[in-house]
Amino acid sequence: MKTSMLFLASLLAFIVPASADTASTAGSSPDLCADVYLGEDGAPVHDSTGGTLSRHCEWTGPDAPRLDGDVCCELDTSGARCSLPNARGECEFGDLYWCEYGEANSLGGVVCYQPLPDACEAGYCVAPTDDPTPTGEPIEAMCCGAGGCFPAKASEHCEGEFLWCRWGISNTDGTVECFD
(Lines give C-alpha, C1' and ligand atoms only; values in the text may rest on other atoms or scores of the structure.)
Protein backbone atom coordinates (compact mmCIF):
# COMPACT_ATOMS: atom_id res chain seq x y z
CA MET A 1 0.00 0.00 0.00
CA LYS A 2 2.83 2.40 0.92
CA THR A 3 4.50 1.77 -2.45
CA SER A 4 1.30 2.47 -4.39
CA MET A 5 0.78 5.74 -2.43
CA LEU A 6 4.32 6.86 -3.35
CA PHE A 7 3.68 5.92 -6.97
CA LEU A 8 0.40 7.88 -6.97
CA ALA A 9 2.09 10.93 -5.39
CA SER A 10 4.86 10.76 -8.02
CA LEU A 11 2.30 10.48 -10.80
CA LEU A 12 0.32 13.48 -9.50
CA ALA A 13 3.49 15.56 -9.42
CA PHE A 14 3.67 15.19 -13.21
CA ILE A 15 -0.03 15.73 -13.86
CA VAL A 16 -0.88 18.59 -11.49
CA PRO A 17 0.80 21.89 -12.47
CA ALA A 18 3.14 23.45 -9.93
CA SER A 19 1.89 26.43 -7.96
CA ALA A 20 3.00 29.95 -8.87
CA ASP A 21 5.22 29.96 -5.79
CA THR A 22 7.38 27.09 -7.01
CA ALA A 23 7.05 27.25 -10.79
CA SER A 24 9.77 28.80 -12.88
CA THR A 25 7.50 31.53 -14.23
CA ALA A 26 7.64 35.31 -14.34
CA GLY A 27 7.61 36.64 -10.84
CA SER A 28 9.00 33.54 -9.13
CA SER A 29 12.46 35.11 -8.74
CA PRO A 30 12.95 37.91 -6.20
CA ASP A 31 11.75 41.28 -7.56
CA LEU A 32 14.83 43.44 -8.22
CA CYS A 33 12.84 46.65 -7.65
CA ALA A 34 11.53 45.49 -4.26
CA ASP A 35 14.91 46.24 -2.64
CA VAL A 36 14.18 49.83 -1.55
CA TYR A 37 15.99 52.65 0.20
CA LEU A 38 15.76 52.71 3.97
CA GLY A 39 15.58 55.79 6.19
CA GLU A 40 17.62 56.47 9.31
CA ASP A 41 14.97 54.60 11.30
CA GLY A 42 15.62 51.43 9.24
CA ALA A 43 12.14 51.53 7.70
CA PRO A 44 11.63 51.90 3.93
CA VAL A 45 11.65 55.50 2.70
CA HIS A 46 8.07 56.05 1.53
CA ASP A 47 5.55 58.65 0.44
CA SER A 48 2.07 59.26 1.85
CA THR A 49 0.58 56.58 -0.42
CA GLY A 50 3.10 53.92 0.65
CA GLY A 51 5.19 54.29 -2.51
CA THR A 52 8.90 53.51 -2.14
CA LEU A 53 12.08 54.11 -4.16
CA SER A 54 14.02 51.16 -5.53
CA ARG A 55 17.76 50.93 -4.89
CA HIS A 56 18.53 48.91 -8.02
CA CYS A 57 15.93 49.92 -10.61
CA GLU A 58 16.17 53.17 -12.52
CA TRP A 59 13.34 55.57 -11.66
CA THR A 60 11.37 56.57 -14.72
CA GLY A 61 7.99 57.79 -15.90
CA PRO A 62 4.78 55.78 -16.28
CA ASP A 63 5.50 54.76 -19.89
CA ALA A 64 8.34 52.36 -19.01
CA PRO A 65 8.74 49.42 -21.40
CA ARG A 66 7.54 46.10 -20.02
CA LEU A 67 10.14 43.32 -19.74
CA ASP A 68 8.27 40.95 -17.40
CA GLY A 69 11.07 38.41 -17.12
CA ASP A 70 14.07 37.14 -15.24
CA VAL A 71 17.41 38.93 -15.34
CA CYS A 72 20.84 38.12 -13.94
CA CYS A 73 22.23 40.89 -11.74
CA GLU A 74 25.28 41.68 -9.67
CA LEU A 75 24.32 44.16 -6.94
CA ASP A 76 26.53 46.63 -5.13
CA THR A 77 26.17 50.01 -3.44
CA SER A 78 26.14 51.83 -6.79
CA GLY A 79 23.27 49.81 -8.25
CA ALA A 80 22.85 46.71 -10.38
CA ARG A 81 24.64 45.37 -13.44
CA CYS A 82 22.18 43.09 -15.21
CA SER A 83 21.93 40.88 -18.29
CA LEU A 84 19.48 38.33 -19.64
CA PRO A 85 19.83 34.69 -18.57
CA ASN A 86 21.33 32.23 -21.06
CA ALA A 87 19.15 29.90 -23.20
CA ARG A 88 18.82 27.48 -20.26
CA GLY A 89 17.53 30.29 -18.01
CA GLU A 90 20.75 30.35 -15.97
CA CYS A 91 22.99 33.23 -15.00
CA GLU A 92 26.54 33.46 -16.33
CA PHE A 93 27.16 36.00 -13.55
CA GLY A 94 25.16 37.38 -10.65
CA ASP A 95 21.88 36.08 -9.28
CA LEU A 96 18.47 35.62 -10.82
CA TYR A 97 15.92 38.42 -10.25
CA TRP A 98 12.56 39.29 -11.77
CA CYS A 99 12.12 42.57 -13.63
CA GLU A 100 8.61 43.76 -14.55
CA TYR A 101 9.71 46.88 -16.42
CA GLY A 102 12.98 47.17 -18.32
CA GLU A 103 14.79 46.70 -21.57
CA ALA A 104 17.86 44.99 -22.97
CA ASN A 105 20.45 47.05 -24.82
CA SER A 106 22.51 46.07 -27.87
CA LEU A 107 25.50 45.16 -25.68
CA GLY A 108 23.58 42.49 -23.77
CA GLY A 109 22.95 44.57 -20.68
CA VAL A 110 19.54 45.08 -19.11
CA VAL A 111 18.17 48.13 -17.33
CA CYS A 112 15.23 47.52 -14.99
CA TYR A 113 12.87 50.43 -14.31
CA GLN A 114 10.64 51.57 -11.49
CA PRO A 115 7.87 53.61 -13.13
CA LEU A 116 6.54 56.53 -11.09
CA PRO A 117 3.16 58.24 -11.66
CA ASP A 118 3.19 61.29 -13.92
CA ALA A 119 3.25 64.65 -12.10
CA CYS A 120 1.08 66.29 -14.77
CA GLU A 121 -1.63 63.65 -14.47
CA ALA A 122 -1.56 64.22 -10.70
CA GLY A 123 -2.18 67.96 -11.25
CA TYR A 124 1.26 69.33 -10.36
CA CYS A 125 2.30 70.73 -13.75
CA VAL A 126 2.17 74.32 -14.94
CA ALA A 127 2.35 75.85 -18.40
CA PRO A 128 5.89 76.87 -19.37
CA THR A 129 6.56 80.59 -18.91
CA ASP A 130 7.01 82.94 -21.85
CA ASP A 131 10.36 84.02 -20.37
CA PRO A 132 13.03 82.56 -22.66
CA THR A 133 15.49 82.22 -19.75
CA PRO A 134 14.00 79.13 -18.04
CA THR A 135 14.52 76.65 -20.86
CA GLY A 136 13.69 73.70 -18.64
CA GLU A 137 15.59 70.55 -17.79
CA PRO A 138 14.84 66.92 -17.09
CA ILE A 139 13.73 66.85 -13.43
CA GLU A 140 12.81 63.18 -13.05
CA ALA A 141 11.72 61.92 -9.61
CA MET A 142 9.98 64.41 -7.32
CA CYS A 143 8.16 64.50 -4.02
CA CYS A 144 4.99 66.56 -4.46
CA GLY A 145 2.53 67.59 -1.78
CA ALA A 146 0.87 70.59 -0.15
CA GLY A 147 4.21 72.45 0.07
CA GLY A 148 4.92 72.06 -3.64
CA CYS A 149 7.34 69.74 -5.42
CA PHE A 150 10.95 69.00 -4.52
CA PRO A 151 13.53 66.64 -6.01
CA ALA A 152 13.00 63.18 -4.48
CA LYS A 153 15.70 62.09 -2.06
CA ALA A 154 16.27 58.40 -1.50
CA SER A 155 17.12 59.07 2.16
CA GLU A 156 14.02 61.09 3.09
CA HIS A 157 10.36 60.22 3.54
CA CYS A 158 8.01 62.16 1.27
CA GLU A 159 5.03 63.88 2.90
CA GLY A 160 3.31 63.91 -0.49
CA GLU A 161 3.72 61.49 -3.38
CA PHE A 162 6.71 60.31 -5.41
CA LEU A 163 6.01 61.47 -8.99
CA TRP A 164 7.86 61.74 -12.31
CA CYS A 165 8.50 65.05 -14.09
CA ARG A 166 9.67 64.81 -17.70
CA TRP A 167 10.56 68.47 -18.03
CA GLY A 168 10.64 71.40 -15.64
CA ILE A 169 12.80 73.87 -13.80
CA SER A 170 14.46 73.97 -10.42
CA ASN A 171 13.81 77.19 -8.50
CA THR A 172 16.26 78.95 -6.19
CA ASP A 173 14.12 78.03 -3.15
CA GLY A 174 14.61 74.31 -3.85
CA THR A 175 11.14 73.74 -5.28
CA VAL A 176 10.55 72.33 -8.73
CA GLU A 177 8.04 73.38 -11.36
CA CYS A 178 7.07 70.65 -13.79
CA PHE A 179 5.87 71.81 -17.21
CA ASP A 180 2.85 70.47 -19.12
Side-chain angles (χ1 to χ4, degrees), residues 26-84 94-106 109-129 134-180:
S28 64
S29 301
D31 184 350
L32 181 68
C33 294
D35 187 359
V36 298
Y37 282 99
L38 303 177
E40 291 179 9
D41 58 0
V45 171
H46 60 83
D47 65 13
S48 63
T49 67
T52 57
L53 296 173
S54 175
R55 292 179 48 211
H56 302 296
C57 294
E58 188 175 307
W59 307 335
T60 191
D63 299 328
R66 192 169 190 86
L67 180 67
D68 201 17
D70 286 332
V71 294
C72 300
C73 301
E74 288 183 329
L75 309 180
D76 60 31
T77 56
S78 64
R81 287 183 309 284
C82 301
S83 65
L84 294 173
D95 296 312
L96 203 59
Y97 292 90
W98 181 69
C99 180
E100 183 175 3
Y101 297 94
E103 58 191 340
N105 63 35
S106 61
V110 173
V111 176
C112 292
Y113 298 115
Q114 177 189 8
L116 298 173
D118 186 87
C120 293
E121 289 180 16
Y124 287 99
C125 289
V126 297
T129 63
T135 57
E137 60 188 290
I139 299 295
E140 303 177 353
M142 303 186 309
C143 171
C144 295
C149 295
F150 299 86
K153 295 181 181 172
S155 60
E156 295 179 10
H157 295 289
C158 172
E159 297 299 321
E161 184 177 3
F162 290 128
L163 299 171
W164 183 257
C165 178
R166 296 177 201 283
W167 199 251
I169 190 164
S170 297
N171 299 312
T172 56
D173 65 355
T175 60
V176 172
E177 287 183 288
C178 190
F179 299 144
D180 278 325

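Just so it is clear, the values below take in all heavy atoms, side chains as well, and ignore hydrogens, waters and symmetry mates.
In this structure, Phe179 and Val126 have side chains that are in contact, with non-hydrogen atoms separated by less than 4.5 Å. For the pair Glu100 and Arg66, the minimum side-chain heavy-atom distance is below 4.5 Å. At least one side-chain heavy atom of Leu32 sits under 4.5 Å from a side-chain heavy atom of Leu75. Residues Asp63 and Arg166 have side chains in contact (heavy-atom distance under 4.5 Å, counting atoms from C-beta outward).
Contact between Ala80 and Cys82 at its shortest, heavy atoms only, is CB-SG, 3.8 Å. Closest non-hydrogen pair, Asp118 versus Leu163, comes out as O-CD2, 4.4 Å. What you find for Asp68 and Trp98 is that their closest heavy atoms are OD1-CZ2, 3.1 Å. The two residues Leu38 and Val45 make their nearest non-hydrogen contact at C-CG2, 3.6 Å. Of all non-hydrogen atoms in Pro30 and Leu96, the two that sit nearest each other are CD-O, 3.6 Å. Nearest heavy atoms, Phe162 versus Gly51: CE1-O, 3.5 Å.
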Report task. Using the side chain to side chain contact (heavy atoms under 4.5 Å, CB included) rule, take Leu116 and Glu140 through it: C-alpha gap first, then chi angles, then the decisive distance, then the call. Result -> CA-CA 9 Å; Leu116 298 173; Glu140 303 177 353; over 6 Å; no

Query - Verdict with supporting geometry, Cys73 and Cys112, disulfide (SG to SG under 2.5 Å) - result: CA-CA 10 Å; Cys73 301; Cys112 292; 5.4 Å; no

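Rounding to the nearest 0.5 Å places CG of Asp70 at 5.5 Å from OG of Ser28. To the nearest 0.5 Å, the span separating OH on Tyr97 from CG on Asp31 amounts to 11.0 Å. Atom OH of Tyr101 sits about 13.5 Å away from atom OG of Ser54, to the nearest 0.5 Å. Gln114 CD to Trp164 CH2: the interatomic distance, rounded to the nearest 0.5 Å, is 10.5 Å.
Sorted pairs that involve residues 50-78 and meet ring-ring contact (aromatic ring centres under 6.0 Å, His included), not counting sequence neighbours, are lacking altogether.
Among residues two or more places apart in sequence or in another chain, the side-chain contact (heavy atoms from CB on, under 4.5 Å) test is passed with Arg55 by Asp35, Tyr37.
Not a single donor-acceptor pair under 3.5 Å links the side chain of Asn171 to the backbone N or O of Gly174.
Here the two cysteines Cys178 and Cys125 have their SG atoms 2.5 angstrom or farther apart.
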Side-chain donor-acceptor pairs under 3.5 Å in residues 144-161, sequence neighbours left out?
unit_1: His157; atom_1: ND1; unit_2: His46; atom_2: N; d: 3.2

